[in-house]
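This chain uses plain numbering: 1 for the first residue, then up along the sequence. Scope of the values below: all heavy atoms of this structure, side chains included, with no hydrogens, waters or symmetry mates.
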Amino acid sequence: RRSSDLVQPNDVEHACETLLRRASAHETNGEEEPVLRVAIASLSSSKHLLHADLQSLATDAEGLNALVHEIARCYETSSGADGQAEELMQYADLSESFNQLVESGDAAAESWSAPDLSTALGLKLPFESESKVRHEFEPGVFEHHLPVALTEKISASAVEAGVDAPLFFLACWYLLLWKLTQKQEITASFAVDGRAFYGLADLPGLFSYSVPVQCRFDNVLKFADVLRQLKLASDEAKETQPNFIFESLPFAFEFSARAGAFEAGGLKWTCCKQRVCTEHFTLKLHCSSNGGTCTEFHYDLNKLRGDVVERIARYYQNLLASAVACDKNVSIEKLEILDDSDRRRLLSDFNDTRETYSTDLCLHQPFEERAAAAPEAVALRFRSESLSYSELDRRASSIARLLLALDIPVDSTIAVLCRRSMAMPAALLGVLKAGAAYVPLDPDYPIERLRFMLSDSGARALIAEPELAEQLGG
């Protein structure tokens with residue numbers, strides 16, 4: 001099918017996107033669907049786009065590279081160009097190789113024990129849509145080209161750290177998932193090309209498979225530690241016998257090298273874009289290199305909005321830039337995902353909530369009025385938890401009653417030592433309800449400083465988490 005009317009002359013980017021959108025909108029008809037659908041867009045008299053869409057014959061990213069070379073070789077042979085004609089690959093050969101790979105994977109699965117993926121399967125992003133209705137997987141993609149200067153710095157930083165660039169991208173992807181989910185254990189699908197096991201280079205087809213790769217985090221971990229963990233884990237994954245038994249995980253990573261420019265049949269061939277979707281996921285990062293680096297964020301439209309994915313893509317680029325700007329022994333806690341505009345929006349714009357309140361009321365009283373007017377409305381959100389106004393008011397009132405039972409005089413000071421959690425607002429409101437003033441203590445301060453602040457403030461009581469209270473000496 002020729003699609004010359006779709007694009008403007010020489011507008012390669014627009015032409016590629018138009019053809020990809022048409023392919024995505026095309027409805028398949030099961031067994032009636034052809035193995036390969038092709039469209040051609042003419043950009044000029046000497047430049048054309050060939051779009052190949054494989055619906056029934058699934059393939060992976062490396063398989064698409066092989067297909068590009070196979071099509072070029074077929075063209076070269078059929079055009080009578082100079083050079084010795086090579087024996088062309090037949091579909092029967094590909095099918096036989098694929099069946100052997102599947103059978104070997106089934107055999108390996110019989111003697112292989114799958115790891116416990118229950119924690120990984122339950123991993124969620126804080127801004128992920130939740131629905132009680134189960135929806136079919138609906139793929140979307142956001143494509144973002146990294147600045148050339150940043151790509152060059154990543155390559156240099158990777159060499160300095162003794163790893164390759166794909167591992168650097170992988171480490172930053174896991175770091176971003178850790179920062180967004182605040183989970184100490186991150187496990188994601190890692191794509192491995194199975195062709196290496198059977199000498200199947202230059203064959204199209206779905207020979208890649210996913211292996212769960214795990215990385216453990218804490219705030220004192222250094223970036224070099226993350227690189228070391230993931231290098232060991234990814235090297236082990238590449239040595240894993242090919243199999244097809246893993247359940248799809250919410251998050252995934254793949255790195256591929258897109259076919260570079262080459263000549264065949266008197267033409268210059270270049271792979272401009274490629275899109276591959278072979279599994280279900282919430283969010284998958286696919287990095288591809290061809291001169292520069294393109295990051296594709298594939299996602300489930302039923303779980304993530306497009307603007308959220310764009311924000312994640314921006315966070316990822318910020319994290320890459322932060323990682324290359326720092327020494328590899330920097331604490332991962334210090335690596336940034338926010339840029340100046342993000343900080344301004346979070347610290348200034350979102351906090352620009354000035355309102356006029358009655359000066360006759362204490363701070364907790366407007367809260368009590370709100371709790372009475374809308375008891376079931378959400379008052380607090382913290383990570384995956386939420387608390388209604390009525391529940392928060394109930395917890396605060398319980399704390400106030402405990403304080404009043406201690407016969408603490410009005411206008412006394414009460415120290416509060418809590419980590420950031422749902423308990424902190426309840427404690428502060430409880431102190432105010434008891435007619436006292438609170439003295440906030442930072443758990444990150446040295447014990448000696450906390451003891452001094454506790455004594456110097458004249459606090460009549462201390463509200464603290466049991467572990468923190470024990471550190472202070474009871």
Side-chain angles (χ1 to χ4, degrees), residues 1-29 32-83 85-91 93-95 98 139 141 143 145 193 195 201-208 254 256-278 286 288-294 296 298:
R1 178 163 58 88
R2 184 170 293 275
S3 306
S4 302
D5 58 322
L6 296 178
V7 298
Q8 298 296 321
N10 297 315
D11 192 351
V12 177
E13 185 72 21
H14 174 67
C16 289
E17 287 299 328
T18 301
L19 292 172
L20 287 170
R21 279 197 301 270
R22 285 206 168 189
S24 300
H26 179 81
E27 295 184 1
T28 59
N29 298 312
E32 299 179 4
E33 188 68 18
V35 171
L36 177 66
R37 290 189 293 112
V38 176
I40 297 177
S42 295
L43 302 177
S44 68
S45 59
S46 60
K47 185 181 293 186
H48 308 274
L49 277 177
L50 175 66
H51 176 251
D53 186 15
L54 288 79
Q55 293 285 352
S56 302
L57 175 61
T59 190
D60 50 33
E62 292 299 328
L64 284 179
N65 289 336
L67 182 63
V68 171
H69 285 276
E70 190 68 25
I71 292 173
R73 189 166 59 151
C74 288
Y75 175 83
E76 186 174 40
T77 302
S78 63
S79 64
D82 293 338
E86 300 179 22
E87 182 181 353
L88 297 179
M89 178 194 65
Q90 301 298 317
Y91 179 73
D93 300 328
L94 189 155
S95 180
F98 185 72
V141 62
E143 183 178 302
H145 291 269
D193 185 9
R195 292 171 179 78
D202 302 328
L203 273 184
L206 182 57
F207 296 106
S208 68
E254 182 175 6
S256 64
R258 195 179 302 169
F262 63 95
E263 294 188 3
L267 298 179
K268 183 177 180 181
W269 300 73
T270 303
C271 181
C272 300
K273 280 184 183 291
Q274 55 178 224
R275 296 274 170 82
V276 179
C277 184
T278 58
H286 182 190
S288 59
S289 63
N290 184 7
T293 300
C294 176
E296 292 179 0
H298 297 259

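- Looking only at distances, no side-chain donor or acceptor of Trp269 sits under 3.5 Å from a matching main-chain atom of Val68.
- Taking 4.5 Å as the limit, some side-chain heavy atom of Ser256 sits within range of a side-chain heavy atom of His286.
- Side-chain atoms of Thr293 do not come within 3.5 Å of backbone N or O of Ser289 as any donor-acceptor pair.
- Annotation for Glu76 and Ala264: closest pair OE2-CA, 4.0 Å, computed over non-hydrogen atoms.
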